[in-house]
Amino acid sequence: MESLREATHKKTRELAGEMLNDWDAIFQVVASYHLPLTNNEAERALRHWVILRRISYGTRTEQGSRVFAILISVIETCRKRQQSPWLYLALVIDHQWTGRPIPKLPPVAWGTE
């Protein structure tokens, strides 16, 4: 792989550079056998959000897109941890209104790890 950094083909050099720069992250799945080999589960979790975005024609601003993405992330993380996203979001809003720090995302429910 190291030899491909000096390849004559530009795309080959760029890919080799990216892979070598991210080598540890790319091959973390080999060292951590409990990690899935694909991200299919994540893609399936987001599929209905992508469909919703398509049929609703998305958001009108860059800020709206960021907020939508953050909400999706929070909702799906809470669901994955078997916690109520709505209770967490209500707590976040309450803390924001009262000037308290935003609480961390809820931990994984006991016995579901």
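Scored by the side chain to side chain contact (heavy atoms under 4.5 Å, CB included) test, Pro106 finds Cys78, Gln83, Tyr88 as partners (sequence neighbours excluded). Scanning for salt bridge (Lys or Arg N to Asp or Glu O under 4.0 Å) contacts around Glu43 gives an empty result, with sequence neighbours left out. By the salt bridge (Lys or Arg N to Asp or Glu O under 4.0 Å) test, Arg47 pairs with no residue at all, sequence neighbours left out. Not counting sequence neighbours, Gln96 has no partner by the side chain to side chain donor-acceptor pair (under 3.5 Å) test. Residues passing the salt bridge (Lys or Arg N to Asp or Glu O under 4.0 Å) test with Asp22: none are found, sequence neighbours excluded. Here Gln63 pairs with nothing under the side chain to side chain donor-acceptor pair (under 3.5 Å) rule; sequence neighbours left out. Residues satisfying the side chain to side chain contact (heavy atoms under 4.5 Å, CB included) criterion with Ser84, sequence neighbours excluded, are Trp86, Leu87. For the salt bridge (Lys or Arg N to Asp or Glu O under 4.0 Å) test, no residue two or more places apart in sequence or in another chain qualifies with Lys104. Among residues two or more places apart in sequence or in another chain, the side chain to side chain donor-acceptor pair (under 3.5 Å) test is passed with Arg100 by Asp94, Thr98. Residues meeting the side chain to side chain contact (heavy atoms under 4.5 Å, CB included) test with Arg60, sequence neighbours left out: none.
Placement of Val30 and Met19 within a single hydrophobic cluster is found when ILVMFWY residues are connected by side-chain heavy-atom separations under 4.5 Å, directly or transitively. Linking Ile, Leu, Val, Met, Phe, Trp and Tyr residues whenever their side-chain heavy atoms come within less than 4.5 Å leaves Ile93 and Val67 in two separate clusters. Criterion: ILVMFWY side-chain heavy atoms under 4.5 Å apart, direct or through other members. Under it, Leu105 and Phe68 are part of a common hydrophobic cluster.
Although no hydrogens or angles enter the test, the distance criterion places no donor-acceptor pair under 3.5 Å between the side chain of His95 and the main chain of Ile102.
Side-chain atoms of Arg81 and Pro107, non-hydrogen and from C-beta on, never get closer than 4.5 Å to each other.
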N/O donor-acceptor pairs under 3.5 Å from side chains in residues 69-77, not counting sequence neighbours:
unit_1, atom_1, unit_2, atom_2, d
Glu76, OE2, Trp49, NE1, 2.8
Glu76, OE2, Arg79, NH1, 3.4
Thr77, OG1, Ser73, O, 2.7

